[in-house]
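Input: a single structure, listed below in structure tokens.
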Amino acid sequence: QVQLVESGGGLVQAGGSLRLSCAASGRSFGSSAMGWFRQAPGKEREFVAGHSWRGGMTYYTDSVKGRFTISRDNAKNMLYLQMNNLKSGDTALYYCAAASKVLYGSSVYVGSNYDYWGQGTQVTVSS
């Protein structure tokens with residue numbers, strides 16, 4: 001059974017940093033796309049960052065470029081999201097997602113292309 005478990009969320013002041021982790025189990029995702037999405041109260045889920053596969057490209061939504069960094073440790077089956085210079089607009093429930101295949105280009109941004117989802121970790125940024 002595939003499981004994705006996020007951790008690392010919390011309450012932080014604006015300008016601060018957090019590092020989210022996602023532990024995957026049940027299968028290896030080294031040859032698959034993985035990503036982070038978020039959903040704020042009253043808003044739709046949105047793409048944050050994605051990694052096409054273990055040696056592939058990274059993708060970011062415009063609002064986090066230069067502040068967030070996605071990375072993965074395939075040996076440990078882990079995905080990370082380093083978030084710096086956090087803003088109140090980053091407050092949301094953050095989800096880890098994994099696909100069953102490599103994703104490229106615009107397909108990385110689409111949530112329905114991911115097959116597995118974690119339960120989410122809350123990030124709250126106070127201003």
Side-chain angles (χ1 to χ4, degrees):
Q1 181 180 358
V2 174
Q3 276 194 316
L4 302 177
V5 179
E6 304 95 336
S7 62
L11 174 63
V12 63
Q13 288 188 333
S17 298
L18 284 174
R19 188 193 194 207
L20 304 185
S21 299
C22 172
S25 61
R27 60 162 282 181
S28 172
F29 290 100
S31 297
S32 304
M34 297 187 76
W36 291 95
F37 290 75
R38 66 187 180 188
Q39 187 168 19
K43 295 187 177 181
E44 293 187 353
R45 183 182 64 193
E46 66 170 349
F47 171 84
V48 177
H51 200 294
S52 60
W53 69 293
R54 62 171 171 259
M57 295 183 63
T58 56
Y59 303 80
Y60 299 92
T61 191
D62 287 345
S63 64
V64 308
K65 285 180 181 176
R67 300 188 298 122
F68 291 12
T69 302
I70 188 172
S71 62
R72 62 198 295 172
D73 184 336
N74 292 305
K76 296 180 179 179
N77 225 14
M78 294 287 295
L79 182 73
Y80 304 100
L81 185 68
Q82 178 66 44
M83 305 185 295
N84 298 327
N85 190 21
L86 282 159
K87 304 176 180 180
S88 58
D90 297 317
T91 294
L93 187 61
Y94 282 71
Y95 296 95
C96 171
S100 298
K101 57 188 180 295
V102 176
L103 298 175
Y104 292 107
S106 60
S107 65
V108 177
Y109 296 81
V110 179
S112 60
N113 288 330
Y114 293 80
D115 302 285
Y116 308 100
W117 293 82
Q119 293 300 307
T121 184
Q122 178 67 39
V123 172
T124 303
V125 183
S126 63
S127 56

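Taking CG of L86 as the start and OG of S126 as the end, the distance is 10.0 Å to the nearest 0.5 Å. Here Q122 contributes atom CD and Q39 contributes atom CD; the two are 10.5 Å apart, rounded to the nearest 0.5 Å. Note: M78 CE to C96 SG = 9.0 Å, rounded to the nearest 0.5 Å. Expressed to the nearest 0.5 Å, how far CD of Q13 lies from OG of S88 amounts to 12.5 Å. Here the OH atom belonging to Y59 is positioned 7.0 Å from the OG atom belonging to S107, to the nearest 0.5 angstrom. Going from atom OG of S17 over to atom CE of M83 covers 8.5 Å, rounded to the nearest 0.5 Å.
Of the possible polar contacts, one joining the Y60 side chain to the I70 backbone as a donor-acceptor pair under 3.5 Å is found. Using modelled atom types, one side-chain atom of S52 and one backbone atom of M57 make a donor-acceptor pair closer than 3.5 Å. Between the side chain of Q82 and the main chain of T69, no donor-acceptor pair closer than 3.5 Å is present. Counting only distance, with no hydrogens or angles, the side chain of E6 and the backbone of Q119 share a donor-acceptor pair below 3.5 Å.
Under the ring-ring contact (aromatic ring centres under 6.0 Å, His included) rule, Y109 has a single partner from W36, F47, Y104, which is F47. Exactly one residue among T91, L18, L11 makes a side chain to side chain contact (heavy atoms under 4.5 Å, CB included) with V125. That residue is T91.
Not a single side chain to side chain donor-acceptor pair (under 3.5 Å) links R19 to another residue, sequence neighbours left out. A search for side chain to side chain donor-acceptor pair (under 3.5 Å) contacts involving D115 returns S100, not counting sequence neighbours.
A continuous path of ILVMFWY side-chain contacts below 4.5 Å connects V64 to V12, so both sit in one hydrophobic cluster.
Nearest approach of A40 to A92, heavy atoms of both residues: N-CB, 3.8 Å. The two residues L4 and A98 make their nearest non-hydrogen contact at CD1-N, 3.8 Å. Nearest approach of N77 to R27, heavy atoms of both residues: ND2-O, 2.8 Å. Summarising the geometry of V48 relative to L81, their closest heavy-atom pair is CG1-CD2, 4.2 Å, with the distance given to 0.1 Å. Shown here for L79 and S71, the closest heavy-atom pair between the two residues is CD1-O, 3.3 Å. When all heavy atoms of Y95 and G118 are compared, the closest pair comes out as CD2-O, 3.5 Å.
The aromatic rings of Y116 and F29 stand perpendicular to each other, their planes meeting at an angle above 60°, with 30° marking the opposite boundary. Ring-plane geometry between F68 and Y94 is classed as tilted, the angle between the planes lying from 30 to 60 degrees on a 0 to 90 degree scale.
Residue pairs meeting the salt bridge (Lys or Arg N to Asp or Glu O under 4.0 Å) criterion with at least one partner in residues 30-45, sequence neighbours excluded, are R38-E46, R38-D90.
Ring pair F37/Y114: centre-to-centre distance below 6.0 Å.
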